[in-house]
Amino acid sequence: MAEEFVQLNEPDSSDLSYLKEKMAENDDLERLSEIYKLMGDPTRMKILYALTLSELCVSDISELLDMTQSAVSHQLRLLRASRLVKYRKAGKNVYYSLGGNDLDSVIKAGIEEISG
């Protein structure tokens with residue numbers, strides 16, 4: 001049996017105009033979609049979560065997550081390109097941290113939500 005859709009009220013053109021003004025730009029929505037795709041990978045999410053706890057170098061992340069340094073570096077390259085993480089050099093070491101924009105609180109809130 002096919003579902004029927006019933007529209008209870010006629011759309012108010014002033015409401016739609018208001019919503020059109022409030023809609024984000026397509027470029028912004030595409031960028032947000034790309035960020036969520038990057039965050040949708042469990043390995044990258046582990047790295048991002050680790051960076052909510054502390055600034056870390058590749059070898060620290062590698063040991064913490066039981067991954068090869070090559071694998072960690074590859075994932076960090078993707079995260080850096082999307083500006084989800086940033087880095088700073090200290091001598092020969094490179095330290096990674098979250099790229100800002102309240103990503104820390106988004107990740108921590110997500111963890112709180114799912115862990116009850």
Student: Quick one: which residue pairs count as a salt bridge (charged side-chain N to carboxylate O under 4.0 Å, His left out) with a foot in residues 64-73, not counting sequence neighbours?
Tutor: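 Found none.
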
Student: Which residues satisfy the salt bridge (charged side-chain N to carboxylate O under 4.0 Å, His left out) test with Glu63, sequence neighbours excluded?
Tutor: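 Expected list: none.
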
Student: Determine all donor-acceptor pairs shorter than 3.5 Å in which one atom belongs to a side chain in residues 85-96; sequence neighbours excluded.
Tutor:
residue : atom : partner : partner atom : Å
Arg88   : NE   : Glu55   : OE1          : 3.2
Arg88   : NE   : Glu55   : OE2          : 2.9
Arg88   : NH2  : Glu55   : OE1          : 2.9
Asn93   : ND2  : Tyr95   : OH           : 3.4

Student: Scan the side chains in residues 42-53 for donor-acceptor partners under 3.5 Å anywhere in the protein, sequence neighbours excluded, and list what turns up.
Tutor:
residue : atom : partner : partner atom : Å
Arg44   : NE   : Leu38   : O            : 2.9
Arg44   : NH1  : Gln75   : OE1          : 2.9
Thr52   : OG1  : Tyr49   : O            : 2.5

Student: Which pairs count as salt bridge (charged side-chain N to carboxylate O under 4.0 Å, His left out) when at least one residue sits in residues 30-42, sequence neighbours excluded?
Tutor: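 Matches after skipping sequence neighbours: Glu34-Lys37.
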
Student: Assess whether side chain to side chain contact (heavy atoms under 4.5 Å, CB included) is satisfied between His74 and Arg77, documenting all intermediate values.
Tutor: CA-CA 5 Å; His74 172 72; Arg77 208 169 315 135; 4.2 Å; yes

Student: Test of understanding: with side chain to side chain contact (heavy atoms under 4.5 Å, CB included), list the residues that count as partners of Asp60, not counting sequence neighbours.
Tutor: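 Residues passing side chain to side chain contact (heavy atoms under 4.5 Å, CB included) with Asp60: Leu56, Cys57.
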
Student: Hey, could you give me the OG/CD1 distance between Ser54 and Ile61, rounded to the nearest 0.5 Å?
Tutor: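 Nearest 0.5 Å value for the OG-CD1 distance: 9.5 Å.
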
Student: Once side chain to side chain contact (heavy atoms under 4.5 Å, CB included) is applied, do any residues pair with Gln69, and if so which ones, sequence neighbours excluded?
Tutor: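 Only Val58, Ser59, Ser62 meet the side chain to side chain contact (heavy atoms under 4.5 Å, CB included) criterion with Gln69.
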
Student: Pair up each side-chain donor or acceptor in residues 18-29 with any protein partner under 3.5 Å, not counting sequence neighbours, and list the distances.
Tutor:
none

Student: Please tabulate, for side-chain N and O atoms in residues 107-115, each donor-acceptor pair with protein atoms closer than 3.5 Å (sequence neighbours left out).
Tutor:
residue : atom : partner : partner atom : Å
Ser115  : OG   : Ile111  : O            : 2.8

